Each structure stands twice: as structure tokens, then as C-alpha cells.
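Every heavy atom of this structure was used, including side-chain atoms; hydrogens, water molecules and symmetry mates were not. If you're wondering where the values come from, they're calculated on a predicted model, not measured in any experiment.
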Amino acid sequence: LENKSDEKTYMFSIQSGAVNGVDCDPLFATEVAPGKKSKNDINFMDNVLVNNGIIEFTDIEMTFKVYDSNDWTADPVALETVHVYPYGEEKATTFMRESQSTDTVLFDDGNVSVIVIGYTNDQVWGYTVSLYLANKTDKTLMYSVDEASVNGYMADPFWSKEVQPGKVAFTSMSWFDTTLEENDIIEVEEIEMLFKVYDSNDWMADKLIEKTVTLKP
């Protein structure tokens, strides 16, 4: 990274990223002082990718955003999307997930897909619902839930996920053990929630999805 400014400190960040078409945020950001350079690594957390059969990273997409570190309201100095093809562009592949008999399809239309692909009791995050999301539009979409309940008791997972245009994503919605214990829930029998999908950059636009769904794990 190189900051060619004589007086401004720049923040170099990655606004969004994807591997083989699967949304994957490397959570990268670093400051570089005026006139200075910096060598850094960009690390993709690949456990979710590898667990779903993505072994070779053939197409790494990153949207870089560089801005004045001391003035977040200023326009970005740079906002560019680039692709890195470790095996050559001609060998780039796009991930395609095969449906499973255990899937629960919540929504699947010309704009989005929302599929429950599993339930687990995570030692750290608690009771977890694993989801596969697809954004088939040319807009960045936000997926979220509201008015969630577990076994009839209100219990918000505080979950949301942004998915870039044309990308898919694996994500997890979790409830801490303490949340379930407070409501004397030993076994999760029913989850009800208002599921929403909308344009992440236009909250006034009509929602693509706004419907109450019920899960029976």
C-alpha cells in the first residue's frame, strides 16, 4: 500500500469481497501516514468455504475503498473492484451449491433464495441456524429478521447479513445459551420470525421479502 498524499492519512480498506462468487469479507483495514508505504496481508477466513467444498480459490474479488482517515464524510480517494485469479482467469470458477434433502427452502424466486441448511448447538454462539442466501439482483441486499420467538418466547438473534449483487453467502443465525435459559428452553421446538430482504442502499424502497416464517427444527 502506498499513500502518495503529502498531508492526509489514508485508511485502506476492503468494502466487500468474494471467493468463487461466495460472499466472504476479509475484514481488512489499515492506516498509512502521508508519504508512507505499508506491506500487509489480506486474510480470508476460509473455514466456511472449505466446509462447503471450496478448496481452490480461483476467483478472488475485492472492492477496495481508500479514504481520509480523519474525515469520514469526504468522498473516497479510491473505490475500485478488482479480481485476482491465482490459477489464471481462464480457470476461474463460480460456486454452485447442490440442493440437499435436508434443506428447508424459505424463499426462492427471481430475486433471492433463502435456504435453511442445518441446525447446531455451537459451544460459543449457542443454538445456531445455518443459512444459504442468494442475491440474484444487481443491487446490494440486506437480509434480516424481526419479531423472532423461540418456543413462543420472544428472542431476537440480532442477526443480519448483507450480500453483494449476484453473490451467494453462507451465514449463521444464533441464540446465546443464556437467552434460552432465561426462558426455560431446553429443546428448541419452534422458531418464528419476520424475515425481511431489502435494498441495502435504499431503505425507502419496497421490500423484496417481508413475511413471517416458522421453523420446526
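- For Ser200 and Thr140, the side-chain atoms include no donor-acceptor pair closer than 3.5 Å.
- Linking ILVMFWY side-chain heavy atoms closer than 4.5 Å, directly or via other members, places Val84 and Phe12 in a single hydrophobic cluster.
- Looking at Tyr143, its side chain never comes within 3.5 Å of a backbone N or O of Phe195 through a donor-acceptor pair.
- Salt-bridge annotation for Glu56 and Lys91: absent, with no side-chain N of the basic residue lying under 4.0 Å from a carboxylate O of the acidic one.
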Test log, rule salt bridge (charged side-chain N to carboxylate O under 4.0 Å, His left out), inputs Glu2 and Lys36: CA-CA 6 Å; Glu2 182 176 0; Lys36 298 297 188 292; over 6 Å; no

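- A donor and an acceptor atom, one from each side chain of Asn111 and Thr137, are nowhere located under 3.5 Å apart.
- Here the CE-CG distance, from Met204 to Asp199, works out to 12.5 Å after rounding to the nearest 0.5 Å.
- Partner Phe107 forms a side chain to side chain contact (heavy atoms under 4.5 Å, CB included) with one of Ile115, Leu133, Val213 and no other, that one being Val213.
- Checked against a 6.0 Å centroid threshold, the rings of Tyr10 and Tyr67 do not count as neighbours.
- Between the side chain of Asn3 and the backbone N or O of Val32 there is at least one donor-acceptor pair closer than 3.5 Å.
- Salt-bridge check for Asp25 with Lys161: failed, with every basic side-chain N at 4.0 Å or more from each acidic carboxylate O.
- For Phe95 and Phe170, the ring centers sit closer than 6.0 Å to each other.
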